[in-house]
Each structure stands twice: as C-alpha cells, then as structure tokens.
Undergrad: 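One structure follows; several queries about it will come next.
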Amino acid sequence: MSNKYSMLNLEQRKAVFHTKGPLLILAGAGSGKTRVLTHRIAFLIEEEQVKPWQILAITFTNKAAKEMRERVDKLLGSFAEDIWVSTFHSTCVRILRRHIDKIGYDRYFTIYDTDDQKRLIRECLKQLNIDPKLYKESSVLAAISSAKDKMMIPSDYIKQAVGLREETVAKVYELYQKKLMKNNALDFNDLLFKTVELFQSRPDVLEEYRDKFQYIMVDEYQDTNRVQYAFVSLLASKHQNLCVVGDDDQSIYRFRGADIRNILEFEKDFPNACVIKLEQNYRSTQNILDTANHVIGNNYGRKVKRLWTDKEKGELIDFKSLQSEHAEARYVAEEIVRQIEDNGRDYKDFAILYRTNAQSRVLEEKFISNNIPYKIIGGISFYQRKEIKDVLAYLRTVNNSTDDIAVKRIINVPKRGIGLSTISRIEAYADANDIDFFDACEKVSEIPGMTRSANKVKSFVNLIKTLRVEMETFDLIDLVNAVMDRTSYIKNLEIEGTLEAEGRIENIGELISKVTEYQKNTEAPTLNGFLEEVALIADIDAYNDVSNYVVLMTIHSAKGLEFPFVFLTGMEDGLFPSYMSISSGEEEDVEEERRLCYVAITRAMQKLYISSAKTRMIRGLTQSNPFSRFISEMPDDLLDRDESMTNDEPENTRVHYSRKNNSFFNVKPYQTNTYKPSAKPIPNPKSFVLDYDKGDLVMHAKFGIGEVLEITSGGADYQVKVNFPSAGVKKLLAKLSNLKKID
DNA sequence: CGTAGTTTTGTTTTT
DNA sequence: CAAAACTACG
C-alpha cells in the first residue's frame, strides 16, 4: 500500500480505511477533514478498485469542490476527472438536465435567483390582489422557500396552513409554482426538490443513479436541510456506502433550513453507522483553541468532543474596545500595517471578519486611505449587479422565450419608450390568452388600445428575433457583442458619462472576459451552459489565496477557510449576537450565533484579534451597545484586554472627503474591489498632482471643453466636477478621464 | 411616458 | 445612511 496514508493520524486513518457501510466523521474545526476525504477517495480508487465514476462527493460551494478535486488529482495523478465532485445544486442540475422531461419540464430550464424569485412573487401578489404592504415579497418568499426545503408541495402547504396569513401564502405558493413551470424555470430550492421528486416518481431513474454512485461522501453535513437529506438518503439507501463529514458546532445555516438533526441523529437514521471523531486540531494555537472551546461549551445538546492541539500556547487573544466604528477600522488597518512593517507579514495573512456585510464599508475606507490592498468577499455579488443581470436577461431571453421574468426585465432597458401601461396591457393580453409574455409582444398589433407603443414593442421583438438568428451561427462572445451593439447598452452608459456608468461599463467588460474564459475552458460551450454556470456561482468561489491582499468577509463566508491572523470585529451585543437572535427569546437562536462565533475564532491559526466599538452608526442612528456576551464567555486569562483606548479619530488625520460628493467609493467596478497599489507603488494620495485647478478650462475626449468647478480628493484619485456646455455638469475621476488643461 | 425630487423603509447570515 | 418606492410635473 502506498505510504501516503502514513501521514495521517490514527483516527484519520480509521476514517479513510472504513469504506463499507455508513460512516459519520465528526470533524472538529481544523482537524483535517478535507485531507481525510481526499485520501479516502484515493484509497477507494487505488486499493479497493472502485472506479472514479462510481464516487460522488458533495460539497456546499464550488470552491470547496474545486479544491477537493485538485487535491485528489495531486494524490492520484489525473483519475479525478471522472469523479463527481460538485455542490448539491450542480449535482442536481446535472441530473435534471438529463431527466427532468420525465416529470413534465423542459430540459432547457432557466435557474431563477432570489431577485427573479421576488419579481415573480410580486406578480403573483398582484394577480391575486393581495396587498403587498401586508404580505412582503421577502417574507412570502421565505415561507415558500422553507416549505420547499421541507418538501411540501402547494397542496401539502394548504392542508397544514393555519390562519389567514398562511392560507394566503399557500395561495401565492400555488400560483408561484404554476408560473415557474410556465416560465420553464426552477428556483434554487426546486433544483433539489425536483430531483427528489424525479427519484420518487421514476424508480428507474433512481435505480440508475443508485447503481452508478456506489460511494457517496457529503461534506459539511451539519448544514444539510431536509431535501438535501432526502436526496442523499435516496441515493445511498441501497449500497449504504455513505460517508458524511461534519461538525455540529459549526452548523450556521439554520435560517436557510439546515437541520442540525441530520447530523445529531445520523446513527438513528443509519443504525449500523460507524462514528469517528477527529479531535486533533492542526490549525490553531492552544490559546485560540481554548477560547473557542470555552465559548462553544455554553451550548446545549452538542455531540461531546474536545479539540486539542500539540501546538504551543501562542499569543494571547487581543481584545480592544474602540470609541467608534471608525476608530475600530483605523485600529485594524494600523495593526496590519504594523505587522507587515515590523514582522514582515504578507497582506494575504490577514482576514477581517464581521457579522453583517454593512460593516465592510468603514473598513474599506480605512484600507484605501492606508493603501492596503484588500478584497471584499460577498455583499452585492458581481452577478447581482444591475448591468450584469440586464445583459444576462438578454441572453436568457434569447435562449428561452418563455422566461417572462427576463423578458420583462429588459423590454425597456435601455429605454425604448415602453412604459408601465404598455407592459400591463401586454400582460393582461398574455393572461387572457394564456400565452407567454414574449408571444404576446409578438402579437402586439392585435392588442387593442396600443397606438404609439405598438411599433416600439415590435422593434423590440425584432431585436430578439434577430439575435436568435445570430445565435445559430455566432459563438458566445460574438453573441454577447451583438447584444451590446444592437441594444446600444454600452453606448447609453457612455452617454451618461457618470462615474457610476463608467463602473458599469467596466463590469460588463469583466462579464465579457468571463464569457471568453468559459468559452475557452469548456469543451462544448453553449449559451445554456454558460447561463447555468453563472447561476450557480457564489462569491467565495472567486477567492483564492495566491493573490496578496487582505480579505474582508462575513463569518458565514469564512467557514472552511483559515488565516494566520484574524480580526473579529464588531463584537457588540445587538450586532453579534444579532439583535434578532437576542430578542426572539429563543435560546436556539443565540446558540446559532454562538456557533458562528466558534467558527470565527477557529479560523485563526496564529493570532486572533477581537474588537468592539463603543458607539456605532447603524441605519443612520448612533447606537451604543455593550460588549458581546461571547467575550465574557472567553477565559479571562487568555484575553489581553485593552478597554481604555478611547481615542477617537483625531479630526486632522482623517482624509477629508464627504460621502455626498465622492461617489468613487460607493459605486465602483467589481474589479476595483480588489484594490492593489500599482506596480509603481502608488505615491500617497496627496502627492498625485493635477496640473489644473478649480476655475481652469479643461479638455475631455468626449465632452469637449469644460470648466472645473470642484476638485475633491479621495484615497487614490481625485474626483473632478466639470461643467461642460455640451453635456452639463459631470463628475469625473481625474485618472480615468484624462483631462487636459487648456491655457 | 420619463424624470427629478421626495418620502419611506430597512439589515442578519446565502447555496 | 442609503437604496427603494412613490409622486408630481413636463
């Protein structure tokens, strides 16, 4: 036997060699579970003659899947290609693309994201005459979503509905599902649910996959919900070679339907299950681990385990209380600079974690002014940006004419004079005749009462038809370019000439390079394939630790990652644990937050910094919250407390720019989220000199001559307000607009 | 029909 | 505070 397994500890080896029958691996944070999984796959193939295509390994993120595949590749050479290593969602899509026609859907279905779902729900509410003020689309969506996670179809939901509210939601659910089907679309929940339905209604299909996947592995099992559980157990029930890996202490997706029961009662579900605990931690120092253990020890109903390490105690946990969120951010930035200058650390050694995405703003500002390269993971992701969704909606419309949501999104983008009243007339006509929205557009001349707008609709229909014809012969890139040309989408943005528009143009450029990349890396690239890949992408997937920058992300996004230095910020009661969890009165809710805290602490390898702000502006109100209760759950002798530091930002050291007239930091191209000092180290902001001043006349390539009204300094560039007689007042970035002074 | 200007509303966390 | 939703006017 190959000696690659001798690197593993006793428990890890047990897990690798136990290949038959159900196996639960309780893997504490940093205990090398990915290592176990990859070695287990290698072992199956090398020593047990299992064929690569008989193995299914499921992860939650594409990043995890990619990493696992790469590591298996390294162990085995190149056998890993045929192993199904993918997320729940992409596994299901793959199955559905082959078989969904057997349960009455078209195989070229579209995948709806949250935004699309909300639009659809809005339509349902309208159609059912339900007051959207009383039934907010987000809460209705949450209800429907959780029903689907529990595998309740509309009729099940109606049966169990109690009270007016639930009965109303049930009606919406029923209509929503009908509309999805009509639009030939599936939402995220459906991907799982429909696959399970397929398996249940077509035993022959289930049998096919049961025979194929002799060995199944599931990562992050503690985060599975009911449908995912059903999916896995259906597939595994025959061979029973199911290996699940998880840590109940790291279950942090209850809000998304994750059912901690799945892991706690695995042994009940699979009576002859073998349980192995991995408790040796290879990641963190003793002090960090002890802190984590103490905190999580306050939760009830856990599987008993205690992480240990043979590493040294390491440094104490730094705890600092700052005056405001600005002071906190400054402290973080300065500490990073200090560590880099004094101790020769790299930017990529640092991660800043927070509870909510909103907290990233202030940190970002300080990083810019300290010239620290950083990347924010999450928040409004690239694929959720308006301009990207617009372009994708065009592609979706071209690809699938029954996708009403996509058609409606772009019918008047860019503006073609098709307004609300026209759209509702078409909608009414479509409903009355039971046809798709796009088909109704085609028959616009038959719709009464449309005089002026009929022609506009017609030209829109022709546009789409032309693109459809082009799709036949064009490759993907040309098609995207054709969409851009024929819609003048970019041209319209250029005319706008604002900073915001510039950012949007850059984002579209970024999308085009993603299309190119897809086209290059895929054997048989198709429009459908591209749209699918894009639909299932998560922000964290784009993160790689090769580039040298500090990363900022929510604790949720950080799960599964590790960093030498971790800053856990915003440790205030009401923020973390969140106000919601405290006020709900359910201890369960605080426990989930506590697990989140445990996840955060255990990301740190060498040193953990914890900080809180005495006052913080939230939603426009300045609040002052006590320290997070989790801090008092940490052993006092491991904390290096500094609560005295109350120095607020000294006003004169702050880089002055008011938010109002500096939109540079508000809307920026996705790419510049990664801000890197350019090859020539960017001189500090102030030493970048402009050769014109307020009152001067300048020349701009597009707008011609204008007068400089105002120059605002911010981070790495100046914002210049210029009045162009031809185009009006524009806000421009000095570097991008390349203004030339005129004497 | 489009727009600018005004009011209101909201935050966990995301595959 | 900032984005979204609404209102009033050209």
Side-chain angles (χ1 to χ4, degrees), chain A residues 58-65 86-93 111-115 117-118 122 132-133 136-139 141-142 145 149 187-192 219-220 223-225 227-228 251-258 325 353-362 377-381 383-384 386 412 414-423 451-453 456 500 535-541 553-560 570 574-584 589 592-593 595-597 599-600 616-623 658-660 663 665-667:
Chain A
I58 300 178
T59 62
F60 269 81
T61 63
N62 292 305
K63 180 183 170 8
S86 57
T87 63
F88 271 107
H89 297 274
S90 34
T91 306
C92 289
V93 169
I111 300 167
Y112 275 8
D113 70 4
T114 315
D115 189 65
Q117 294 185 64
K118 282 187 182 159
R122 218 171 299 157
K133 288 234 163 71
K136 288 199 202 105
E137 65 209 23
S138 56
S139 81
L141 175 60
S145 207
D149 284 346
D187 61 23
F188 281 125
N189 310 291
D190 277 346
L191 294 179
L192 266 302
D219 194 11
E220 308 279 13
D223 286 327
T224 50
N225 60 31
V227 218
Q228 289 164 337
S251 166
I252 54 175
Y253 284 106
R254 205 164 73 104
F255 70 92
R256 205 170 67 191
E325 72 269 33
L353 307 183
Y354 36 77
R355 178 69 239 269
T356 65
N357 278 308
Q359 289 166 253
S360 66
R361 274 262 154 81
V362 187
I377 313 277
I380 323 119
S381 90
Y383 290 102
Q384 280 169 7
K386 280 186 216 74
N412 197 30
K415 303 245 174 327
R416 346 184 133 78
I418 303 174
L420 224 63
S421 56
T422 308
I423 292 174
T451 44
R452 281 163 312 192
S453 39
K456 294 172 180 162
E500 189 177 324
L536 296 175
I537 232 146
D539 242 26
I540 193 74
D541 298 338
M553 64 184 118
T554 63
I555 304 168
H556 282 90
S557 302
K559 194 174 65 158
L575 225 208
F576 189 29
S578 73
Y579 177 72
M580 294 285 235
S581 67
I582 299 171
S583 55
S584 79
D589 288 334
E592 170 127 332
E593 299 275 312
R595 289 193 290 270
L596 200 51
C597 184
V599 169
R616 180 182 297 273
M617 172 104 68
I618 295 172
R619 289 208 331 249
L621 296 170
T622 304
Q623 303 189 355
S658 89
R659 280 211 146 265
K660 267 207 189 87
S663 53
F665 300 116
N666 298 339
V667 178

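The shown structure was predicted, so the numbers you read here are calculated from the model rather than taken from an experiment. We name chains A, B, ... by the order of the sequence lines, and we start the count at 1 in each one.
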Undergrad: Looking at every non-hydrogen atom in both residues, tell me the closest pair between A/Asn225 and A/Gly257 and how far apart they are.
TA: CB-O, 3.0 Å
Undergrad: Hey, does A/Thr356 reach any base, or is it just sugar-phosphate, or nothing, if we go heavy atoms under 4.0 Å?
TA: sugar-phosphate
Undergrad: Nearest whole angstrom, please: distance from the P of B/dG2 to the NZ of A/Lys415.
TA: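 Nearest whole value for this atom pair: 7 Å.
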Undergrad: Checking all strands, does A/Lys386 fall into the base, sugar-phosphate, or nothing category for heavy-atom contacts under 4.0 angstrom?
TA: nothing
Undergrad: I need the NZ-C1' distance between A/Lys118 and B/dG10, as an integer number of Å.
TA: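 For the pair A/Lys118 NZ and B/dG10 C1', the rounded distance is 11 Å.
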Undergrad: For A/Asp113, give me all partners under salt bridge (charged side-chain N to carboxylate O under 4.0 Å, His left out), at least two apart in sequence or on another chain.
TA: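 In terms of salt bridge (charged side-chain N to carboxylate O under 4.0 Å, His left out), with neighbours along the sequence ignored, A/Asp113 is linked to A/Lys389.
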Undergrad: Any side-chain N or O of A/Ser557 less than 4.0 Å from the OP1 or OP2 oxygen of B/dT13?
TA: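 For B/dT13, neither OP1 nor OP2 has a side-chain N or O of A/Ser557 closer than 4.0 Å.
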Undergrad: By nearest atom, which of the nucleotides B/dT15, B/dT12, C/dA2 is closest to the A/Thr61 side chain?
TA: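 My answer, after comparing the listed nucleotides, is B/dT15.
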Undergrad: Measure OH/A/Tyr253 against P/B/dT12 and give the value in whole Å, please.
TA: 16 Å
Undergrad: Compare the minimum distances between each of B/dG10, B/dT13, C/dA2 and the side chain of A/Arg361, then state the nucleotide with the smallest one.
TA: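 So the side chain of A/Arg361 is nearest to C/dA2.
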Undergrad: What is the distance, rounded to the nearest whole Å, between atom CD1 of A/Ile252 and atom P of B/dT12?
TA: 16 Å
Undergrad: Name the nucleic acid region contacted by A/Asn412, choosing base, sugar-phosphate or nothing; use a 4.0 angstrom heavy-atom cut-off, strictly under.
TA: sugar-phosphate
Undergrad: Looking at A/Lys559, does any N or O in its side chain come under 4.0 Å of the phosphate oxygens OP1/OP2 on B/dT13?
TA: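 Checking A/Lys559 against B/dT13: no side-chain N or O falls below 4.0 Å of OP1 or OP2.
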Undergrad: Roughly how many Å is it from CD1 in A/Ile377 to P in B/dT13, rounded to a whole number?
TA: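 Atom-to-atom, A/Ile377 to B/dT13, this comes out as 15 Å.
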Undergrad: Under the side-chain hydrogen bond (donor to acceptor under 3.5 Å, both in side chains) rule, collect the residues that match up with A/Arg256, sequence neighbours excluded.
TA: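 If we apply the side-chain hydrogen bond (donor to acceptor under 3.5 Å, both in side chains) test to A/Arg256, skipping adjacent residues, there are no hits.
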Undergrad: Between A/Phe60 and A/Lys136, which is nearer to the 5' end of DNA chain B once each is assigned its nearest nucleotide?
TA: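 Upstream on the strand: A/Lys136.
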Undergrad: Let me spell it out: for each of A/Leu575 and A/Ile423, pick the nucleotide of DNA chain B with the closest heavy atom. Which residue's pick is nearer the 5' end?
TA: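 It is A/Ile423, whose closest nucleotide lies nearer the 5' terminus.
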Undergrad: Would you mind reading off the distance between A/Glu325 atom CD and C/dC1 atom P, rounded to a whole angstrom?
TA: 11 Å
Undergrad: Looking at every heavy atom in both A/Ala558 and A/Leu353, which two are closest together, and how far apart are they?
TA: CB-CD2, 3.7 Å
Undergrad: Could one point to a donor on the side chain of A/Arg355 or the base of B/dT13 with an acceptor on the other under 3.5 Å away?
TA: yes
Undergrad: Can a side chain N or O of A/Asn225 be found less than 4.0 Å away from OP1 or OP2 on B/dT15?
TA: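 Answer no for this pair, as no side-chain N or O of A/Asn225 is under 4.0 Å from OP1 or OP2.
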Undergrad: Distance check, P atoms only: C/dA4 and B/dT13, in whole angstrom units.
TA: 15 Å
Undergrad: Does A/Phe188 have any ring-ring contact (aromatic ring centres under 6.0 Å, His included) partners at least two apart in sequence or in another chain, and if so, which?
TA: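 Here the qualifying residues are A/His89.
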Undergrad: List for me each residue that meets ring-ring contact (aromatic ring centres under 6.0 Å, His included) alongside A/Phe60, sequence neighbours excluded, and say none if there are none.
TA: A/Phe88
Undergrad: Using the rule for Phe, Tyr, His and the six-membered ring of Trp, do A/Phe255 and B/dT13 stack at under 5.5 Å and under 30°?
TA: yes
Undergrad: What does the 5'-to-3' dot-bracket notation of DNA chain B look like when only Watson-Crick and G-U wobble pairs under 3.5 Å count, and pairs to other strands show as |?
TA: ||||||||||.....
Undergrad: Can a side chain N or O of A/Asn357 be found less than 4.0 Å away from OP1 or OP2 on B/dT13?
TA: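 Yes.
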Undergrad: Listed by chain and number, what are the ring-ring contact (aromatic ring centres under 6.0 Å, His included) partners of A/Phe255, not counting sequence neighbours?
TA: A/Tyr253, A/His556
Undergrad: Kindly say whether, by distance alone, the side chain of A/His89 makes a donor-acceptor pair under 3.5 Å with the base of B/dT15?
TA: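 Answer is yes: a donor-acceptor pair is held.
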Undergrad: Quickly work out the A/Glu137 CD to B/dG10 C1' distance and round it to whole Å.
TA: 13 Å
Undergrad: Using modelled atom types only, decide if a donor and an acceptor are shared between the side chain of A/Asn62 and the backbone of A/Leu536 within a distance under 3.5 Å.
TA: yes
Undergrad: When the distance from OH of A/Tyr354 to C1' of B/dT12 is rounded to whole Å, what number comes out?
TA: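 After rounding, the reported distance stands at 13 Å.
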